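All remarks here apply to the structure that follows.
Model, not experiment: these values are computed from the prediction.
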Amino acid sequence: MLNEKIALHTPGPTPIPPQVTAAMMQPMINHRGAAFTQIYRDVATKLQAVFQTQEQVYVLAGSGSAGWETAMVNFVPAGAKVLNIVIGDFGERWVKANRALGYQVERLDYHIGTAARPEEVDALLKKHEGTIQAVCLQHNETSTGVSNPVREIAAVVAQHGALVLVDAVSSLGALPLPMDEWGLDVVFTGSQKALMCPPGLMMIAASQKAWEKAKEANAPRFFFDLKEHRAGFEKGQTPQTPALSLYYGLQAALQMMEEEGIEQGQQRHRLMGEMCRAGAQAAGLELLCQEEGFASNTLTAIKVPQGIEASTFRKVARKSFGVELAGGQGKIMKDMIFRIGHMGYVTPNDVLVALAAVENSLTVLGYTLQVGSAVAAAQRVWLRYARESK
Ligand code: PLP
C-alpha cells in the first residue's frame with residue numbers, strides 16, 4: 001500500500017481540496033493594505049451565507065476550542081451561572097473550559113449515543129429560574145456522532161431569557177443550522193472540519209441580543225476580545241496579524257461551497273450519513289446512536305464487534321486497506337467504538353471506499369460478515385437519492 005495514498009476519514013482534520021492547498025501557497029501580503037481588506041471582506045460575506053446570518057462573522061486564529069472561550073468571555077459576565085448540556089466528550093471539555101474560566105456550571109448529562117431533550121432543558125431552567133445566564137451545547141457531538149435538536153432547545157432557552165451558545169465545530173457548513181432563523185445567540189466553528197481547511201481558524205458570530213448582553217460581560221480578555229475584532233472589521237483589519245495563508249485557503253474553500261450551494265452541500269452530507277449507517281447495519285454492526293433522527297450526518301460512530309481489538313482493527317484498515325478511521329475518545333469509548341468521518345471534502349464514492357475497508361479489515365480479523373454487504377447497502381441508498389433527485 002502506498003503510504004501517502006491514505007483516505008482520511010477522521011472527523012477532523014478532514015481532507016483538503018487541491019484548490020485550497022494551491023491557494024495557501026500564495027505569497028505573503030501587507031496585512032494592513034487594501035489587498036488583505038478585500039480578502040477579509042470577501043471571506044466575511046461568504047461566511048455569513050454559511051452561518052445563514054445577517055450578523056458579522058469574525059475570524060480568529062485558534063482551533064475550535066478557542067470558540068468556547070471567546071463565546072464565554074465576551075457574552076457572559078464573569079462568575080455567572082451557566083448550563084452545560086453534555087452528551088459526550090466535547091460537552092465535557094466545554095464544562096472544563098467554563099470551570100477554568102470561573103463560571104458556575106450546572107450540567108445536564110445524557111448517556112453516550114443519545115441527544116438532549118428540550119423538555120428536560122426547560123425543566124432545568126425552570127428549576128433555576130432567572131439565574132442561568134447562558135446555555136452551552138454542541139450542535140454535533142463529534143465523540144459520539146449525535147446531533148442535538150438545537151432549534152427546539154434554542155426556543156426553550158429564549159423563553160427563559162438566557163443566551164444559547166452553540167458549538168458548531170463539526171457541523172457548520174454540513175448540517176442545517178440557520179443561525180438567525182433558529183434564534184441562536186452565539187455560533188462558532190473551526191476551519192478543519194466541514195470548511196475543508198487545515199486547523200487554525202475559529203469563526204464566530206453573535207446575535208443582537210448577545211451583543212446587548214456583551215455590555216455587561218466583564219470577564220478579563222485580550223486576544224479573544226470581540227469588540228476589538230468588531231472595531232477592526234469596520235476598517236477591514238484584524239486586531240492582530242491574521243493567519244494569512246489560512247485566509248487564502250478559507251477563501252478558496254468558501255468559493256467552492258458557494259459553487260456547490262449550501263443546501264446541496266447539506267444534501268450531500270445527508271446522503272453520506274445515510275449511506276454510512278445503512279452500510280454498517282447491513283454488515284451486522286451496531287451504531288452507537290440508535291435514534292435515526294439524531295444520528296450525525298458528518299460522522300458515524302460504530303461499535304467495534306466483540307472479540308475485535310479496536311486499535312488493531314484501525315491499524316489494519318490503515319496499513320492494509322488505505323483508510324484512516326478514528327477511534328473512540330475518552331476511557332469508556334476508546335475500545336468501544338470507531339468513527340468514520342464523512343464531512344467536508346468527501347463524496348459518496350469516498351464513503352464506499354471507507355465501508356469496503358471496514359468490511360475487509362473486520363474479515364481479516366476473523367469477524368464473519370458477507371463481504372460487499374455494507375458497500376451494496378450504501379450503493380442502494382445512493383441510487384435512491386439519485387432517482388429522487390431526477
Ligand atoms: N467542539 C467539537 C464539537 C469538536 O469536534 C472539536 C474538535 O474536534 C472541538 C470542539 C475542539 O476543537 P479543536 O480541537 O480544534 O480545538
Side-chain angles (χ1 to χ4, degrees), residues 9-12 14 64 67-68 83-95 107-121 124 135-157 164-177 182 184 187-190 193-194 266 269-281 285-304 310 325-344 346 351 354:
H9 279 280
T10 51
T14 57
W68 297 327
L83 170 63
N84 276 81
I85 299 175
V86 181
I87 69 164
D89 197 48
F90 287 104
E92 195 65 57
R93 291 196 208 184
W94 198 347
V95 168
R107 42 188 301 166
L108 183 55
D109 285 81
Y110 289 87
H111 285 300
I112 54 167
T114 57
R117 299 278 181 257
E119 62 279 11
E120 289 171 4
V121 177
L124 208 136
V135 175
C136 309
L137 80 160
Q138 270 67 33
H139 178 207
N140 188 72
E141 177 50 73
T142 324
S143 69
T144 59
V146 175
S147 297
N148 270 319
V150 168
R151 179 187 206 156
E152 292 76 8
I153 292 174
V156 161
V157 175
V164 62
L165 315 183
V166 182
D167 168 348
V169 171
S170 62
S171 64
L172 200 97
L175 310 184
L177 191 73
W182 289 6
L184 311 178
V187 174
F188 58 88
T189 194
K193 310 259 182 188
Q266 291 170 359
H269 284 87
R270 248 192 313 279
L271 163 62
M272 295 192 296
E274 217 181 298
M275 283 172 68
C276 211
R277 292 190 290 279
Q281 285 172 314
L285 301 172
E286 196 182 333
L287 301 173
L288 182 65
C289 178
Q290 296 287 325
E291 307 169 295
E292 174 63 25
F294 299 109
S296 167
N297 285 325
T298 56
L299 76 138
T300 302
I302 301 168
K303 289 196 181 163
V304 179
L325 302 166
Q329 281 176 219
K331 258 193 215 141
I332 304 172
M333 286 187 283
K334 188 170 165 286
D335 298 317
M336 183 207 257
I337 59 165
F338 68 95
R339 294 172 298 155
I340 305 177
H342 34 80
M343 97 180 94
V346 179
V351 174

Is the backbone N or O of [Y] less than 3.5 Å from a side-chain atom of [X], with the two atoms forming a donor-acceptor pair by type?
X	Y	answer
T298	S170	yes
Q138	I87	no
E291	G293	no
H9	L299	no
E92	V86	no
K193	T14	no

Can you tell me how far apart [atom1] ([X]) and [atom2] ([Y]) are? Round to the nearest 0.5 Å.
X	Y	atom1	atom2	value
I340	T10	CD1	OG1	12.0 Å
F294	T114	CZ	OG1	9.5 Å
H342	H269	NE2	NE2	9.0 Å
I302	Q281	CD1	CD	9.0 Å
M343	L172	CE	CG	11.5 Å
L288	S296	CG	OG	11.5 Å

I want to check something: taking the side chain as every heavy atom from C-beta on, are [X] and [Y] in contact at a cut-off of under 4.5 Å?
X	Y	answer
T142	V169	no
L83	V121	yes
W182	V150	yes

Any idea how W94 and W68 line up, ring-wise: parallel (<30°), tilted (30 to 60°), or perpendicular (>60°)?
parallel

Sole candidate of D167, L175, L184 that passes side chain to side chain contact (heavy atoms under 4.5 Å, CB included) when paired with H139:
L175

Nearest heavy-atom pair of [X] and [Y]: which atoms, and what distance?
X	Y	answer
N148	A116	OD1-N, 2.8 Å
P149	A115	CD-CB, 4.2 Å
A168	V187	CB-CG1, 4.0 Å
G145	A301	N-CB, 4.4 Å

Got a list of side-chain donor-acceptor pairs under 3.5 Å for residues 327-335, not counting sequence neighbours?
residue, atom, partner, partner atom, Å
Q329, OE1, R339, NH1, 3.2
Q329, NE2, D89, OD2, 2.6

Between R277 and N297, is any side-chain donor less than 3.5 angstrom from a side-chain acceptor?
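Yes, side-chain donor-acceptor contact under 3.5 Å.
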
